[in-house]
Amino acid sequence: MLKYFAKRILWMIPIVICVALLIFSLMRLIPGDPARMLVSRDATEEEYLNKRVELGLDEPFLTQLGKFLTDTFLHFDFGKSYMTKTSISRDIGPRMVRTMELGLLAAAFAMITGILLGITAATHVKKWQDSLCMIIALVGISMPAFWAALLLIMLFSVKLQLLPPSGIGGIQYYILPAISVGLYGTATFARQIRSSMLDVIGSDYVTTARSKGLTEREVIYKHALPNALIPTITIIGGFLGQMFGGSIVIETIFSIPGMGLYLITGINNRDYPVVQTCVILLSIIFCIAMLLVDLAYAMVDPRIKARYASSKVKRNK
Amino acid sequence: MSANEEMIRRLAKDRLAMLGLLIFVAEIIVAVFAPLIAPSDPFAMDFTSMLSAPSSAHLMGCDEMGRDIFSRIIYGTRYSLGLGISVVVVSTIAGTIIGAIVGYFGGVADAVIMRIMDVFQSIPSLLQSVVISVVLGTGFFNTLLALSIHRTVGSARLLRGSIMGMRHMEYLEAADALNCSKLRTILKHVLPNSFTPMIVYATAGIASAIMSASTLSFIGLGIIAPTPEWGAMISSSRNYFIEYPHTVLFPGLAIAITVFALSVLGDGLRDALDPKLKN
Amino acid sequence: MKKHLSKWIALVLAIALLLSVNSAMAESGKKTLTIGDSVTFATLEPFQSTSITGVAYNCLYENLASKAATGEVIGYIAKSWEKTGDLTYNVELYDYVYDSAGNHITAKDVEYCYTKMLGVANALYYASCVATGEYTVDLTLKDDTMGGIENPLMTVPIVSQAEYEKSSDFMASNPVSTSHYIVSDYTSGSSISFIKNENYWQKDESLIAPVSRANYDEVKFISILEASQMKIALETGVVDAIENMSSTQVTEFLDGGAKADKFQTVDISSGMTVLINLFLSGVESSAFHDDVNLRKAVAYAIDRNGVAMGATNGLGRACTVFGSDYSGDAPDYYEAEGGWLPYNPTLAKEYLAQSNYVPGTKLRLLAEVNTSRAAQVIETYLNAIGISVDISTPDSAVYHANYNDPNTYDFAICLSGFDYNSTYWYKQYRDVGRGYSRHGWVDPELHAAVANINTVQGHTQENINKVGKMFDERVYGIPLYNQYLYYTTNRALQYTDFNWTVTGYLALWACTTK
């Protein structure tokens, strides 16, 4: 098993380099010119061309590519933003932290509410609680995150004045954004948990636990739930991918200076180094996250564990 | 009774799925007959009734340029549904071709293409769509391409997986023994059996594509104003949503209802096609 | 199960309530001001575009000159200046200017700053700045354009060279300047906080320029990107004032509006001209090339009042002159002729009939996202007389690339800010160096005329009128409307007067309150 994961980690390196190559080329295919964005509207042709030289854009494509790859992967130097001329590695740190915070909060919200909904539905299967929870879950999947964000702002910030509508600061600034991003996850978790709980509740394992005289609550929370949670680990991976994308829109609406906003601003300004760095970093984080999810799943799923344990035993003999 | 009839019966019993199917079919009809159903031209601006609330003249009110929202929602089905269905069709076909070739023939081609797909799958899907959309520009066809790429990779992976799982099954060896050509083998044996997961993936895909399309339009990529795409409508009215919530409420509901319908339909199909998956 | 769910919800809401109440409690005893702005605060470096920090730039850095309450230009870090050559001025500095770290500002620092600023191509009008003594510099202009010496004196930030070079990131996050405010907290992309500099170099209260007064102990700027969010922030008290509130949000706060009792607006349009202009392309591939009848048809077909109304919800003022009504240097013969370019669709159709326009041809209209509404209104008017239009509203980068290539459009909408009409005409209609204007018009007579009115001697009403007549007959462009700009503030602040920065923004931290 370790071999398998080690192989995957090694494969990450060429994949990330290819991602870098891909985004570098894609950026230069985008119409629009960063130099044009940086000189004033009435600049002379000469000023514009000087700007291109200053940014290094007049050199041949392969030269620029070579410089970019060696800088990024050998020196870990992400360069400077065209717009602000500040070091990207320094700017991106706090932004990444904010996006991660948002993501973690969203994940926590999604899991807690998803588990609650799923358990309620599973323990009252085919009754009205089940239908209600599943309808709520379906609504969660159907609402676009940005629409949910606008509605939440209207309710909690304008009408009730309970939560701030934008900006950063304490945790209260992250509540509405986290709910907007996490709503989709709530629904997915709820549906999955209901489904796996129903699987588990009908199994021998739970029947045995019940026959031992344990209370219903103990049966549900201590025996059924942990087993039901195993398949949800794979959902977390999908949720993370959706969350990274969603942060682009949500951070714009709530004026949160995270990676999503940094990225979309970079794209609008044709700030090549910023976009390249963001995409590469997001890919690395995404790959690692998927790897961790698979690892967790492998470690937790008793069937896979058993398979590897028996093969280890065989080899040792 | 045949497997297909069995499946249809199971689907018909699922009331929620039938509701979803009804809504879906209704929207397709609306999309096709939009000019006959819509009361006004979705692009016509009336400066005397900008941002007006729902009334008898304008069932859902007007947006900030004085355009009738009800008509725009009706025409919007063409863009949203059209985009959703096209993305799934294109990516399923492309994914099937790639997946079939790669999955059956294996070898170096398989390894290379799989690594390429790994690269694409390591970039979150919306991010991919955003970058490709900026490269291609806005518009229906460009958005179609931008959204299809991620799904094509997914489809190809799925089919390849099915094929890999089946390559070692007896009936294929038997077919080989009978000297069937490889192409016939794929078409007659492998594809039909890989069908089930593909259908489920496809139906879920329409809903997901509509959601992604509306998100792209909201950012300002994808399909933009004045075209009445639902996400674009929310985007251009987002400055007014507090005083005039109807401008943002109705397009959002349209998206939500469509995705809801497709989701329950997808669930129903999955349950009907493979009762083992259902509880 | 239901009990648990509701317990969770109650807990979450209680936490939220507590947290929001906590953050709302302000520090007592200090006078603080919070301003919301739509700029990004991505970096605080002095030698960069002011659009990154907006009005906060004026709290960050000071210049050689400033404006008095009357609007005249007065020396600030510079004591005085006199013309010593054709384009050269000798500027004398005060000898007691210090920055917040204690560095003494000398002529060498000024020379350094001006040279550095030249590298930031922002349409500056000076060629060089050389130190000639310990507190004197020679500032040489590029040419004899309007604005003269005052523009460079008021727009270049002054910092100590030693301090700037000491900084590890070019003062991007830790600026040190002579300003009356010191940066106390900065979150890139989100907010800047300032506290009053108790050790300010100008000890004589009477000599402090209006803009450099510090009437608040603490000033905070917050970045808010969404227009609707700005309004919510103001209404819920998160900010005390909003700089440049969008016309889509400001209606309720204007006099007579629903919220006018709690908030007031200040119209800064006269100090900050923002003009939305329609430019026709003159290259050979353009439909307007060589077809003055088509140009006139388009001009008479558009009702500028309608465009202003539709694009800004009534918060824009249609142009009554060829140019901005606020700039003061426009042609003045229109009254006698019944107004400038009145809306006349019948006349437009006549011109159209005489033109070479083939019905059904789509004219390519280029606009930006924030002028797309104006574009849509124009399309409606042109459709009404039978001209088809194809609007393209690409994103900012593509718009700029296309705008600079007149082959990509037939006509384009451009939003600009400027001081004098003559400066604006010069930039738009001069010869870019290859025999044609930036929109592709080959017209040596016009090129020379606009170059002339942009010089100090040539800037006479007579010359302006001559140029106006040329525009009337040739119709290369149609100024559409001026956009109203507002500051919105909470009445609780109780301002009694307002001070303006050199670029026309309000310096709220310097304004007097009761």
Side-chain angles (χ1 to χ4, degrees), chain A residues 30-34 36-45 47-48 50-51 81 83-87 90-91 94-95 112-113 116-117 119-120 123-124 129 150 153 156-158 161-172 175 252-258 261-262 265 267-270, chain C residues 1-2 4-5 8 12-13 15-20 22-23 40-43 45 48-49 52 119 121-123 169-170 172-173 187-191 222-226 228-230 232-233 235-238 394-404 414 416 426-428 432-434 438:
Chain A
I30 296 181
D33 190 340
R36 187 57 75 186
M37 299 292 287
L38 291 170
V39 296
S40 73
R41 258 188 212 212
D42 310 300
T44 61
E45 195 65 16
E47 283 171 356
Y48 165 66
N50 283 341
K51 198 51 136 184
S81 153
M83 261 295 140
T84 62
K85 294 175 287 187
T86 48
S87 149
R90 216 195 44 159
D91 283 340
R95 287 175 163 81
I112 295 175
T113 47
L116 284 172
L117 282 174
I119 292 180
T120 314
T123 51
H124 298 87
Q129 291 97 325
L150 293 179
I153 292 176
F156 286 101
S157 297
V158 181
Q161 301 216 4
L162 269 179
L163 291 168
S166 64
I168 52 174
I171 198 172
Q172 70 269 31
I175 294 181
T252 312
I253 297 180
F254 289 98
S255 294
I256 295 178
L261 189 57
Y262 198 45
T265 316
I267 290 180
N268 287 335
N269 291 333
R270 304 295 190 265
Chain C
M1 194 44 55
K2 278 188 296 180
H4 287 292
L5 201 59
W8 274 108
V12 167
L13 280 178
I15 294 176
L17 194 61
L18 270 173
L19 288 170
S20 59
N22 261 328
S23 66
T40 59
F41 302 129
T43 171
E45 182 189 340
Q48 48 132 336
S49 164
I52 296 184
N122 259 328
D169 59 1
F170 306 121
S173 47
T187 310
S188 171
S190 179
S191 63
I222 298 182
S223 168
I224 304 178
L225 302 170
E226 288 270 315
S228 50
Q229 292 281 35
M230 284 197 154
I232 301 175
E235 286 179 12
T236 53
V238 170
D395 70 9
S396 178
V398 180
Y399 169 83
H400 279 104
N402 286 354
Y403 183 70
N404 279 291
C414 181
S416 328
Y426 172 67
K427 285 191 194 147
Q428 306 303 327
V432 292
R434 278 174 266 171
R438 74 179 311 174

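Residue numbers begin at 1 in each chain, while the letters A, B, ... track the order of the sequences. Predicted, not measured: the structure shown is a model, and the values here were computed from it.
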What do you reckon, is CZ of C:F41 surrounded by more than 12 foreign heavy atoms closer than 6.0 Å?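 Check passes, neighbour count above 12.
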So, the part of C:N402 with a heavy atom under 4.5 Å from chain A: the answer is neither
Which atoms of [X] are under 4.5 Å from chain C, going by heavy atoms: the side chain, the backbone, both sets, or neither?
X: A:I153; result: side chain
X: A:T86; result: side chain
X: A:Y262; result: neither

Greatest number of non-hydrogen atom pairs under 4.5 angstrom with chain A, of C:S416, C:S228, C:A172, C:S396, falls to C:S396
If you tally heavy-atom pairs under 4.5 Å against chain A, which of C:I52, C:I222, C:I224 wins? C:I224
Measuring from atom [atom1] of [X] to atom [atom2] of [Y], what distance do you get when rounded to the nearest 0.5 angstrom?
X: A:Q161; Y: C:I232; atom1: CD; atom2: CD1; value: 9.5 Å
X: A:L38; Y: C:Q48; atom1: CG; atom2: CD; value: 11.5 Å
X: C:H400; Y: A:D33; atom1: NE2; atom2: CG; value: 11.5 Å
X: C:T40; Y: A:N269; atom1: OG1; atom2: CG; value: 8.0 Å

Locate the shortest heavy-atom distance separating [X] from [Y]; write the atom from each residue and the value.
X: C:E226; Y: A:I253; value: CG-O, 3.6 Å
X: C:S223; Y: A:S255; value: O-CB, 3.8 Å
X: A:N268; Y: C:A397; value: O-CB, 3.8 Å
X: C:S173; Y: A:R90; value: OG-NH1, 3.5 Å

Would you say that A:L261 contacts C:L225 through its side chain, given a criterion of any heavy-atom pair below 4.5 Å between the two side chains? yes
State, with a plain yes or no, whether a side-chain heavy atom of A:R270 is found less than 4.5 Å away from one of C:V398. yes
Polar side-chain atom of C:Q229 near backbone of A:P165 as donor-acceptor pair, under 3.5 Å: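 Side chain of C:Q229 to backbone of A:P165: a pair is present.
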Apply ring-ring contact (aromatic ring centres under 6.0 Å, His included) to C:Y399 and list each qualifying residue two or more places apart in sequence or on a separate chain. C:Y403
For chain C, the option from A:P31, A:G170, A:G169, A:S166 that forms the most heavy-atom pairs under 4.5 Å: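 Among the listed options, the one with the most contacts to chain C is A:S166.
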